[in-house]
Amino acid sequence: MTVTVRTLKDSVDHEVELKGWMYNRRGSGKLLFLQVRDGTGIVQVVVNKKDVPEPVFETAKRIGIESSIIVRGRVTKDDRSALGVELQCSDLSVIQEVHDYPIQITEDVPNIDKLLDKRHLWIRSRVPNAILRVRSEVVQAIRDFYYQRGYVLFDAPMFTPASCEGSSTLFEVPYFDATAYLSQSGQLYGEAGALAFGKVVVFGPTFRAEKSKTRRHLTEFWMVEPEVAFLELDGVMDLAEQQIQYVVGRALERCAEELKVLERDTAILQQVSKPFPRISHAEAQVVLAKLKAEFAASGNEELQKLSNDILKSGPDADLGAADETVIGMHFKQCVMIHRYPRHVKAFYMKGDPADPTKALCVDVIAPEGVGEIVGGSQREDSLDELLKQIEHHKVPMESVEWFVDLRRYGSVPHGGFGMGVERCVQWITGCQHVREAIPFPRTIYRLNP
RNA sequence: UCCGCUGUAGCUCAAUGGUAGAGCAUUCGACUGUUAAUCGACAGGUUGCUGGUUCGAGUCCAGCCAGCGGAGCCA
C-alpha cells in the first residue's frame, strides 16, 4: 500500500510503500536514520543493518540529500520521533541518486538572496514549505469566505489602458500598435461588477513598478478585492473585519503544524477574534502625538529614534511607515484607521459629507510591524463629484470614460477594499520578508528563477 | 530617485597594512537510537571588478558592478 507521511499514523503495524526524497541522514555503522520527505511531511526511516539485504544498507548509507527514493517497511509507533511514528525499512530503491544538492539543511535564513537564486529547490525545505502551505490555506479561506456569502467571482483584466489610481508606477507592455499597462488593481472593474451582480470579488495578481526595496513590497502580488453595491463605509469596515477574522481563524485552525514549524507565537493572532479598534485619521494623530512624546522621554534609544519618525509628514498627510508600526505596537492587534485627508487618497473615494476634506476610506493596519494589509473606501457615486475628482487628479478621461458611465446609469452608494495576500500571509506566518510569502517572488532586482 | 550597509572556500563568518583561517556542507573513515547527531581525516581560494597609494593591500583611497535595509509610494 502506498501512503503519505501526513496519513502515516493510520497505518501503524502495516507494511507500506513511501515515495519521496531523502531530506537528511544521521546514524551509525549499523543503524541509519533517514529523514524522508514526500511533500506532505517528514518521517524518520530506520534502516537496521540486520533487517535489510547488504546492498540496501550500502545504498541507504551512500545516497545524498534529495535523492529520490521508494521505501518499503513497517510503520511503528515511537515516541522518540517528532511525528510519533517511524518507518522500519525492509527495502529501499533509488529513482535518482544525488550527491551535490546545493542547499544546506539549516534553521536560519542568513543570506536570502543566495537562497532565492535557488528558490525552485529552497521551497522543499521545512520553513518555506510551511509558509507556502499557509498561503494555500489563506487563499482557499478567502475563496470560501466570499463563496459562502454569495459573492460572484469577477475576474478583472491584467492588460489595462491606463492607471486606475494615477499615483503608482505601471509596467508598460507593447500591445500591437498601442501601449498597455499591467493592472495594479482590479477595483474599477470590480465596481462595474458590483452594479451588475450586487456583490463581487476580484481575486488575482496585480503589478506595481514602484522601485520599493523593503520587506513589505513586491512588484507582482495577489490581491483580493470585494466590491459591493449599497455598501457604505461602516459596512466596508465590517466586511474587512469579518474577512480577516475568518482567514486568520482558518489558518490557526488548519495550519497548526505549519505554525509550529515556523515557531510562530500565535498570541497576537488569537486577538483577531476581538473587534478591531476603529479610529479616525484625526484620532490617530492624537494617539501618535502622545506616543511620540512618550517615546522621546522614555530613555530607550530605540524608542527615541522611532519617536523622530512619528508624524514626520505633518498633521494633514498620509501616515508613514513608522506611524503604522507604532499604531500596531500600541493596540497589539489589527486597527482600522478611517477618514484620511481626501487629497492623499485616490480619485474614486467619496468625500465625507460631514467634512468634505476627508475621504470615506479605511486602512487596516496589522500589528508586529507588518503595516497596511487592507485599503478600502466607499466610492464616489455622484457623477458631478467624480468628474471633478478626475479633473483634479489629472486622470486621463479617455481611459476612464467607461467607468464614469457607471455613475450615469443607475449609480448607487457602494464600496469595497483590497487586501494584499502576501502581507496577510507574512503576518500570519511571522516571516521576515513578504517575498517569502509567494512561491516565486518578483522584486525590483529579481526576475529569476 | 535619495540615504545607509555589505561583498573573503559551496554556505555562515574570522583575519592591527605583514604567511588567507574556522565551523557547517561535500568526499573518505568510526560508531546500534540519532533529532541541525557526534568523533577523526582529506580536499576546498585570482578576497565582486578596474585602477591608485605603499617595500608590502582582503584591509587604505577612487570609480564601477552586484546585493541588502530603509525613505518616498503602496497592499
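What you see below is based on every heavy atom in this structure, not just the backbone, and it leaves out hydrogens, waters and symmetry mates. The sequence lines fix the lettering, A, B, ..., with proteins before strands; numbering per chain opens at 1.
The CZ atom of A/Arg446 sits 14 Å away from the P atom of B/A66 (whole-angstrom rounding). When rounded to the nearest whole Å, the span between OH of A/Tyr340 and P of B/C74 equals 11 Å. Taking atom NE2 of residue A/His433 and atom C1' of nucleotide B/A75, one finds them 14 Å apart after rounding to whole Å. In this structure, A/Arg25 atom CZ and B/U34 atom P are separated by 18 Å, rounded to whole Å. Following rounding to the nearest Å, A/Tyr101 (OH) and B/U26 (C1') show an atom-to-atom distance of 15 Å. Summarising the geometry, the separation between CG on A/Leu170 and P on B/C73 is reported as 17 Å, rounded to the nearest angstrom. Nucleotide B/U12 holds its P atom 12 Å from the CD1 atom of A/Ile103, rounded to whole Å. Distance NZ (A/Lys30) to P (B/U34): 17 Å, rounded to an integer number of Å.
Figure legend. B/G56 is base-paired to no nucleotide; pairs are counted as Watson-Crick or G-U wobble with both atom distances under 3.5 Å. Of all nucleotides present, none satisfies the Watson-Crick or G-U wobble test against B/U46 with each distance under 3.5 Å. Figure legend. B/G7 is base-paired to B/C65; pairs are counted as Watson-Crick or G-U wobble with both atom distances under 3.5 Å. Nucleotide B/A71: paired with B/U1 (Watson-Crick or G-U wobble, both distances less than 3.5 Å).
One finds a salt bridge joining A/Arg446 and A/Asp117 here, because a Lys/Arg side-chain nitrogen approaches an Asp/Glu carboxylate oxygen to under 4.0 Å. A salt bridge does not link A/Lys30 with A/Asp51: every distance from a Lys NZ or Arg NE/NH1/NH2 to an Asp or Glu carboxylate oxygen is 4.0 Å or more. A salt bridge does not link A/Arg133 with A/Glu257: none of the charged nitrogens is closer than 4.0 Å to a carboxylate oxygen.
Proximity note for A/Gln88 (side chain, C-beta onward) versus B/A75, B/U34, B/G33: the nearest is B/G33. Among B/C74, B/A36, B/A75, the nucleotide with an atom closest to any side-chain atom of A/Arg216 is B/C74. Relative to the side chain of A/Lys50, the nucleotides B/G69, B/G67, B/U32 differ in distance, and B/U32 lies closest. Among B/G33, B/U35, B/A75, the nucleotide with an atom closest to any side-chain atom of A/Val46 is B/G33. If you check B/U35, B/C68, B/C74 against the side chain of A/Arg80, the one that comes closest is B/U35.
Residue A/Phe33 and nucleotide B/A37 are not classified as a stacked aromatic pair, given the requirement of ring centres less than 5.5 Å apart at an interplanar angle below 30°.
A side-chain donor-acceptor contact under 3.5 Å links A/Thr160 to the backbone of A/Tyr181. Side chain of A/Asn129 to main chain of A/Ile123: a donor-acceptor pair is present (N/O by atom type, distance under 3.5 Å, no hydrogens or angles).
As rounded to the nearest Å, B/G72 and B/G17 have C1' atoms that lie 42 Å from one another. One P atom belongs to B/G44, the other to B/A37, and the distance between them is 26 Å to the nearest Å. B/G58 and B/U50 are spaced 13 Å apart, taking the P atom of each and rounding to whole Å. Comparing B/C24 with B/U35, their P atoms sit 14 Å apart, to the nearest whole Å. One P atom belongs to B/A14, the other to B/U59, and the distance between them is 16 Å to the nearest Å.
Side-chain contact between A/Ile65 and A/Val98 is absent, with no heavy-atom pair separated by less than 4.5 Å.
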*Assign a letter to each nucleotide of nucleotides 1-8 of chain B from its 5' end: B, base within under 4.0 Å of a protein heavy atom; S, sugar-phosphate only; -, no contact.*
B-------
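One donor-acceptor pair, N or O on each side, does fall under 3.5 Å between the base of B/C74 and the side chain of A/Arg423. Contact of A/Gln35 with B/U35 (side chain to base): no donor-acceptor pair of N or O atoms is detected under 3.5 Å. In this model, no side-chain donor or acceptor of A/Gln432 finds a partner on the base of B/G69 within 3.5 Å.
Regarding contacts with the backbone of B/G70, a side-chain N or O of A/Arg215 is found under 4.0 angstrom from either OP1 or OP2.
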Tabulate below the donor-acceptor pairs under 3.5 Å that side-chain atoms of residues 220-227 of chain A make, not counting sequence neighbours, or state none.
{"from": "A/Glu225", "atom 1": "OE1", "to": "A/Gly186", "atom 2": "N", "distance (Å)": "2.8"}
{"from": "A/Glu225", "atom 1": "OE2", "to": "A/Ser185", "atom 2": "OG", "distance (Å)": "2.7"}
{"from": "A/Glu227", "atom 1": "OE1", "to": "A/Arg379", "atom 2": "NE", "distance (Å)": "3.4"}
{"from": "A/Glu227", "atom 1": "OE1", "to": "A/Arg379", "atom 2": "NH2", "distance (Å)": "2.9"}
{"from": "A/Glu227", "atom 1": "OE2", "to": "A/Arg379", "atom 2": "NE", "distance (Å)": "2.9"}

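When heavy atoms are screened at a 4.0 angstrom cut-off, A/His99 is found touching the sugar-phosphate backbone but no base atom. Within 4.0 Å of A/Arg62, counting heavy atoms only, lies no atom of the nucleic acid at all. Using a 4.0 Å heavy-atom cutoff across all strands shown, A/Glu86 reaches at least one base atom of the nucleic acid. Across all strands shown, A/Gln44 has heavy atoms under 4.0 Å from base atoms, whether or not it also approaches the sugar-phosphate. Nucleic acid contact class of A/Leu218 (heavy atoms, under 4.0 Å, all strands): base. A/Val421 comes within contact range of no nucleotide atom at all, as no heavy-atom separation falls under 4.0 Å. Looking at heavy-atom distances under 4.0 Å, A/Asp318 makes contact with sugar-phosphate atoms alone, never a base.
Classification of the A/His281-A/Tyr340 ring pair by plane angle, with boundaries at 30° and 60°, yields tilted. A/Phe145 and A/Tyr246 have tilted rings, their planes meeting at an angle from 30° to 60° on a 0 to 90° scale.
Take the nearest nucleotide of RNA chain B for A/Val374 and for A/Ala322: the residue whose nucleotide is more 5' is A/Ala322.
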